[in-house]
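Structure, as structure tokens:
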Amino acid sequence: MSFQAPKGTYDIVPPASSAWLAVREALALPPRLSGYDYVETPMFEDTALFVRGVGESTDVVNKEMYTFDDRGGRSLTLRPEGTAGVLRAVVERGLHRGQLPVKVWYVGPNFRYEQPQSGRYRQHTQVGVETIGSDDPALDAEVIWLAVEAHRRIGLTKVRLLLNSLGCRDCRPAYRELLQDFLRGLDLDEDTRRRVEINPMRVLDDKRAEVQAQLTNAPLITDHLCGACKEHHDEVRAYLSDLGVHWEDNPRLVRGMDYYVRTTFEFVHDGLGAQSSIGGGGRYDGLMATIGGPDLGGVGFGLGLDRTILAVEAEGLTVGDRSRCDVYVVPLGAAARRRTVTLLRDLRQAGVRSDTAYGGQGLKGAMKAADRSGAAFAVVLGDRDLEQQTAQVKDLRSGDQQAVPLDEVVQRLVQAVQTQTTKENPG
RNA sequence: GUGGGUGUAGCUCAGCUGGUAGAGCACUGGGUUGUGGUCCCAGGUGUCGCGGGUUCAAGUCCCGUCACUCACCCCA
């Protein structure tokens, strides 16, 4: 009997796991520098929360949810997206009763029952932010900028930002009917005709050429925004210009959740194959009210960690620290081995990443392990050195080696590692 | 849910029209019994995804099945 990871899931293992950590931290850094607090919510919620929040017409709710009954007969669902759960938590814990807007960030897995392919998995991780309780267009711009800034810090250069406004409950219904009238006159297959009735805007970003060819004269939402939505959209774009953010207006950009209104955006990367979206988000005024909370608007995003890493790979970037430690201790002989245990403790307590060879490896093998660990320094400690209360400290980059009194080793290495680090990562 | 491609060593893969299973990398040991990275030598691994069929003989051909993968759909 042997086992493998469930279909559509994968393990994050070395050496790639170091990049995973680094990208996760990089995506989270801009929010942390911008007044966002960390939140964590359950990975499963009441099924009804997602049905109401995400929307009954969405594919996510209709065919992609991992739903099950627990032993108490409750219908629960592994969260397919992050926003609904965070809003539920904000309402339940009363976070909105303080100063507004509430600004939070989070990271964690989402689950959708999909057919896996490149960049699409049944479990994927997103870093997200939600801001609740303000309809200031400057906040829309800030949220977008956070993602742009994260991409910039990582070093990604081939990310495109697509921007649209979906209107609001005042102006969208009229546009929706206009669009439906147009779409009903086209030659479409049965599935698509059904979509025209359920979610007509989704037809606009159909990938098939024969569909797109018929859409050239389709009415566009941006031509039918109400005064307030148009003003909001213009202001968001003005702020983005001020921030030096580049974007492409895409009036056909539609997103998968029903809750989006006004601002919507998506980050796409052209080096990823079919699943090119590495993140997206938008404004969701009205969502909190539909899940039983006060009528506070909000704007947020989800950035796909998995796909961002694919983008990093596609651009040939190296991120993260591949070295496991800075100092590798090589003990020779039984007495030296005993002394190594406390030496390592002292190094680690002093904040020096350090390791040693276990299992009685020979000197040669241990030195080889030191090399592979990525350590900058090796400490060779033999019984011969121990008698003189010294250790041999070797600079593995230059090959220089010198004897250092044992009681000075930790202090000397702390300094040496610091020097090494600033040399390798200036600024 | 629907289509295409691929399953051979830990990893990447070779194996032409059927004839006794291979390379590189990695790993371990040695050359150097107190010194890594380069070099040289030695060493191990295989239910050839699984089941069935054709054949004197199947990694190779046929059928089925499972898994992986890419794409549609949809999304991060």
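The shown structure was predicted, so the numbers you read here are calculated from the model rather than taken from an experiment. Naming: A, B, ... by sequence-line order, numbering from 1 per chain.
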Are OP1 or OP2 of [N] and a side-chain N or O of [X] less than 4.0 angstrom apart?
| X | N | value |
| --- | --- | --- |
| A:Ser118 | B:C70 | yes |
| A:Gln117 | B:U69 | no |
| A:Lys7 | B:C68 | yes |
| A:Arg120 | B:C73 | no |

Pick the [atom1] atom in [N] and in [M], then give their distance to the nearest Å.
| N | M | atom1 | result |
| --- | --- | --- | --- |
| B:C62 | B:U6 | P | 12 Å |
| B:C40 | B:G51 | P | 41 Å |
| B:G64 | B:G22 | C1' | 30 Å |
| B:G44 | B:G53 | C1' | 36 Å |
| B:A26 | B:U12 | C1' | 11 Å |
| B:C39 | B:U20 | C1' | 36 Å |
| B:C61 | B:A14 | P | 14 Å |
| B:G49 | B:U69 | C1' | 14 Å |

Could you tell me the separation between the [atom1] atom of [X] and the [atom2] atom of [N], rounded to a whole number of Å?
| X | N | atom1 | atom2 | answer |
| --- | --- | --- | --- | --- |
| A:Asp258 | B:C74 | CG | C1' | 13 Å |
| A:Phe267 | B:A76 | CZ | C1' | 12 Å |
| A:Leu162 | B:A76 | CG | C1' | 14 Å |
| A:Asp206 | B:C74 | CG | C1' | 11 Å |
| A:Gln4 | B:U69 | CD | C1' | 13 Å |
| A:Ile278 | B:A76 | CD1 | P | 12 Å |
| A:Tyr113 | B:C75 | OH | C1' | 17 Å |
| A:Gln115 | B:G5 | CD | P | 16 Å |

Can you give each donor-acceptor pair under 3.5 Å made by side-chain atoms of residues 278-291 of chain A, sequence neighbours left out, with the distance rounded to 0.1 Å?
from: A:Arg283; atom 1: NE; to: A:Asp140; atom 2: OD1; distance (Å): 3.2
from: A:Arg283; atom 1: NE; to: A:Asp140; atom 2: OD2; distance (Å): 3.0
from: A:Arg283; atom 1: NH1; to: A:Ser134; atom 2: O; distance (Å): 3.2
from: A:Arg283; atom 1: NH1; to: A:Asp285; atom 2: OD1; distance (Å): 2.9
from: A:Arg283; atom 1: NH2; to: A:Ser134; atom 2: O; distance (Å): 3.2
from: A:Arg283; atom 1: NH2; to: A:Asp140; atom 2: OD1; distance (Å): 2.7
from: A:Tyr284; atom 1: OH; to: A:Glu130; atom 2: OE1; distance (Å): 2.6
from: A:Asp285; atom 1: OD1; to: A:Gly298; atom 2: N; distance (Å): 3.2
from: A:Thr290; atom 1: OG1; to: A:Leu287; atom 2: O; distance (Å): 2.8

Restricting to pairs with a member in residues 143-169 of chain A, which pass ring pair (Phe, Tyr, Trp, His ring centres under 6.0 Å), not counting sequence neighbours?
-> A:His151-A:Phe267
Contact nearer the 5' end of RNA chain B, comparing A:Leu272 with A:Gly280 | A:Leu272
Identify, between A:Pro6 and A:Gln126, the residue whose nearest nucleotide on RNA chain B lies closer to the 5' end.
-> A:Pro6
May I ask you to decide if the ring planes of A:Tyr66 and A:Phe111 are parallel, tilted or perpendicular, using 30° and 60° as cut-offs?
-> perpendicular
Assign [X] to base, sugar-phosphate, or nothing according to its heavy-atom contacts below 4.0 angstrom with the strands shown.
| X | answer |
| --- | --- |
| A:Arg202 | sugar-phosphate |
| A:Tyr121 | base |
| A:Glu64 | sugar-phosphate |
| A:Arg122 | nothing |
| A:Asp306 | nothing |

Side-chain H-bond candidate by donor/acceptor type, A:Arg324 with A:Ser18, under 3.5 Å | no
Is the backbone N or O of A:Thr356 less than 3.5 Å from a side-chain atom of A:Tyr328, with the two atoms forming a donor-acceptor pair by type?
-> yes
Pair A:Asp205-A:Arg202, salt bridge (charged side-chain N to carboxylate O under 4.0 Å, His left out): steps then yes or no | CA-CA 6 Å; A:Asp205 64 358; A:Arg202 200 88 56 77; over 6 Å; no
Less than 4.5 Å apart, any side-chain heavy atom of A:Asp206 and any of A:Arg195?
-> yes
A:Trp20 side chain near A:Leu305 side chain, heavy-atom distance below 4.5 Å | yes
Footprint string (nucleotides 34-40 of chain B, 5' to 3'): B base within contact, S backbone only, - free, heavy atoms under 4.0 Å | BBBB---
Can you check whether any acceptor in the base of B:A76 is under 3.5 Å from a donor in the side chain of A:Gln123, or vice versa?
-> no
Given the rule in the side chain to side chain contact (heavy atoms under 4.5 Å, CB included) test, do A:Leu163 and A:Ile144 qualify, once you have shown the distances and angles that lead to the verdict?
-> CA-CA 10 Å; A:Leu163 185 67; A:Ile144 291 170; 4.0 Å; yes
